[in-house]
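One structure is given here, and the rest of the page talks about it.
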There are 2 protein chains.
Amino acid sequence: MTPLYLKIYHQIKSDIQQNVYPANAFLPSENDLVAQFHTSRDTIRKALAKLDKEGLIQKRRGKGSQVIAHQLRHFPISGLTSFHELKLLQHFQVVTELPVFETITVTADDQEVTLFPIGTPLYHIVRVRIIDNIHSVIDEDYIRADLIPDLTPAIAKQSIYAYIENELHLSVAFAEKTITAELVTARDRDLLIGLPTDENRLIQVESQVHLSDTTYFQHTIARHRPDQFQFNEFARRQTT
Amino acid sequence: MTPLYLKIYHQIKSDIQQNVYPANAFLPSENDLVAQFHTSRDTIRKALAKLDKEGLIQKRRGKGSQVIAHQLRHFPISGLTSFHELKLLQHFQVVTELPVFETITVTADDQEVTLFPIGTPLYHIVRVRIIDNIHSVIDEDYIRADLIPDLTPAIAKQSIYAYIENELHLSVAFAEKTITAELVTARDRDLLIGLPTDENRLIQVESQVHLSDTTYFQHTIARHRPDQFQFNEFARRQTT
DNA sequence: GAGTGGTCTAGACCACACG
DNA sequence: GTGTGGTCTAGACCACTCT
């Protein structure tokens, strides 16, 4: 059963996108929405809080909730959305290659890279994403094999997250991400066919991903061809 | 007057950082906290929601609120925090140069770059940040001069945000950010003294910043030396 | 003064985890 | 069953904006 506040959130979000509430217009007041949806103010406020967090509206005391006019029609790449889901939103032709699919056990050497304890059984998966015929990204994954069993190359070529969430019914909760610019290695040049020779760095997005019971189950290193990389974010000023 | 839920948030956050609640431990239940702080459950839940959003705790239905053990002791560079504030958190020696400080009026050419309408009066400010003796960042700002009057080079060398918020009492609300890797220009080489010649790109963080009445007042382009760039983020999986 | 969103209260029922 | 967090209600008072 979907919570009521989420239904209201989706309704209002849809109305914003359909221009029922155009950019810079004000939504009905919270009291009006209470009457309109036959619910309590707290429920309305939860729906509006979610719209606010995502950057669709700006709330102002004494005035109302105003629809934000976005400069760039961005879909945030932020917020832990997987590659597969991202590509569905867009209309790119994507081919995935799978140069590495193996199971390993963490050694002292691996430990520093993966941040998993020695002895942990892992899947080690390397995928190359070819987007509209350009070798764009190298995705390297280390995934705990005891928690995520029976991974197959077929699943890796589709969506690992869909398998984790829909088949295993595990809940992915949060990740710590770090974006840096790293020097190109010989292996990078092997995998990213067509990378111009004067490019000396790739943009790296490194993530440690955790389940909702806070167990750390996945380490991902995505290395992007620099001219194909873009990261968008909607950020609110901290209130502290 | 600070709202009660923020006081409770700060108290619990401090307790987490002081290891009163160590990593992986559970906080007292919401009902216990209600008794402890002599308040209502909703107020406690607001405080916990803020801790959850910032990645300090993970809430789990039927179990409790667990302190997240962070792999990297990160302070998120995310969330619209200004350069000046960031540097205060750390202990770097920072020198700011000010090669450009001028007022301009937007022309047809500028419009595409700044996204401001033709005729808008702007401050155009370029700052170079030298961190621990390394020329690390070029900050280029376009700021609406009608909204943010009387800017001076002295203010630009300190913190423009402190001036906006503490002197003008305006409220910075949100920004749209885009991170890309851009080709180095001749001007970049002039300003970023010491940039290695084999580096062909800078990491660019472009932001459109808005006030709480949603007016767009600042366009910022920060270009980082690639070996000095790092961007950290705590991201939760979208519930949609 | 009227209307707006921000905070706070006190209570209810539900879904889930665990013994 | 007991305890946990998740949702929802109905009401109150406050701070702010605008006329």
Side-chain angles (χ1 to χ4, degrees), chain A residues 1-12 21 24-53 56-68 169-171 173-174 211-215 236-237 239-240, chain B residues 1-12 21 24-53 56-68 169-171 173-174 211-215 236-237 239-240:
Chain A
M1 196 52 193
T2 310
L4 179 56
Y5 80 91
L6 280 182
K7 289 185 186 168
I8 295 173
Y9 153 79
H10 281 117
Q11 175 64 56
I12 298 176
Y21 306 119
N24 297 316
F26 283 87
L27 299 185
S29 76
E30 295 182 352
N31 283 325
D32 289 350
L33 290 170
V34 163
Q36 187 176 321
F37 287 100
H38 307 290
T39 181
S40 70
R41 188 162 163 231
D42 198 54
T43 300
I44 293 295
R45 282 181 60 74
K46 268 193 214 157
L48 296 184
K50 195 165 164 64
L51 293 167
D52 182 89
K53 194 181 68 178
L56 277 85
I57 65 172
Q58 172 71 33
K59 309 194 76 182
R60 296 164 64 189
R61 171 154 41 185
K63 303 249 343 193
S65 296
Q66 192 171 10
V67 176
I68 289 178
H169 301 292
L170 293 173
S171 170
F174 62 90
L211 298 174
S212 59
D213 64 0
T214 76
T215 52
R236 285 199 172 274
R237 181 99 169 125
T239 53
T240 321
Chain B
M1 197 52 193
T2 310
L4 178 57
Y5 80 91
L6 281 182
K7 289 184 184 168
I8 295 172
Y9 153 80
H10 280 117
Q11 175 65 54
I12 298 176
Y21 305 120
N24 296 316
F26 283 86
L27 298 186
S29 77
E30 294 182 352
N31 282 326
D32 289 351
L33 290 170
V34 163
Q36 188 175 321
F37 287 99
H38 307 290
T39 180
S40 71
R41 189 164 162 231
D42 199 56
T43 300
I44 293 295
R45 282 181 61 74
K46 267 194 214 157
L48 296 184
K50 194 164 165 63
L51 293 166
D52 183 89
K53 194 180 68 177
L56 277 85
I57 65 172
Q58 172 70 33
K59 311 195 75 184
R60 296 164 65 189
R61 170 155 42 185
K63 303 246 350 191
S65 296
Q66 192 171 10
V67 177
I68 289 178
H169 301 292
L170 293 173
S171 168
F174 61 89
L211 298 174
S212 59
D213 64 359
T214 78
T215 52
R236 287 199 171 274
R237 182 97 167 125
T239 54
T240 324

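We name chains A, B, ... by the order of the sequence lines, and we start the count at 1 in each one. Worth knowing before you read on, the calculation uses all heavy atoms, side chains too, and leaves out hydrogens, waters and symmetry mates.
Residue R45(B) is the one, among R45(B) and T43(A), whose nearest nucleotide of DNA chain D lies closer to the 5' end (criterion: closest heavy atom).
With sequence neighbours excluded, no residue forms a salt bridge (Lys or Arg N to Asp or Glu O under 4.0 Å) with R61(A). With sequence neighbours excluded, the residues that form a side chain to side chain contact (heavy atoms under 4.5 Å, CB included) with P28(A) are Y21(A), D32(A), L33(A), Q36(A). Every residue meeting the side chain to side chain contact (heavy atoms under 4.5 Å, CB included) condition with S212(B), not counting sequence neighbours, appears here in chain and number order: Q58(A), S171(B), A173(B). Take D213(A) and apply the side chain to side chain donor-acceptor pair (under 3.5 Å) test, not counting sequence neighbours, and it matches T215(A). Annotation: side chain to side chain donor-acceptor pair (under 3.5 Å) contacts of E30(A) (sequence neighbours excluded): R41(A), R45(A), K59(A). Listed by chain and number, the residues in a side chain to side chain donor-acceptor pair (under 3.5 Å) with Q11(A) are D15(A) (sequence neighbours excluded). Every side chain to side chain contact (heavy atoms under 4.5 Å, CB included) that K7(B) has, sequence neighbours left out, goes to M1(B), T2(B).
V34(A) and T39(A) make their closest contact through CG1-O, 3.0 Å (heavy atoms, listed as atom of the first residue, atom of the second, distance). Annotation for F174(B) and L211(B): closest pair CE2-O, 4.3 Å, computed over non-hydrogen atoms.
To the nearest angstrom, C1' of dG5(D) lies 16 Å from CG of D213(A). In this structure, CG of L51(B) is placed 13 Å from P of dG5(D), rounded to the nearest angstrom. Taking atom CD1 on I44(B) and atom P on dG6(D), their separation rounds to 14 Å, with Å as the unit. Counting to the nearest Å, the C1' atom of dG5(C) and the CD atom of Q66(A) are 14 Å from each other. Here the P atom of nucleotide dA15(D) and the NZ atom of K59(A) are 18 Å apart, to the nearest Å. The distance from atom CD1 of I57(B) to atom P of dT4(D) is 15 Å, rounded to the nearest whole Å.
Minimum atom distance to the side chain of S65(A) is reached by dG5(C), of the listed dG5(C), dT7(C), dC8(D).
Heavy atoms of L48(B) sit nowhere under 4.0 angstrom from any nucleic acid atom.
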(message) Within the 4.0 Å limit for protein heavy atoms, which parts of nucleotides 10-19 of chain C are touched? Write it as a string from 5' to 3', B for base, S for sugar-phosphate only, - for none.
(response) --B--BBSS-

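The stretch residues 24-37 of chain A has no heavy atom under 4.0 angstrom from DNA chain D at all.
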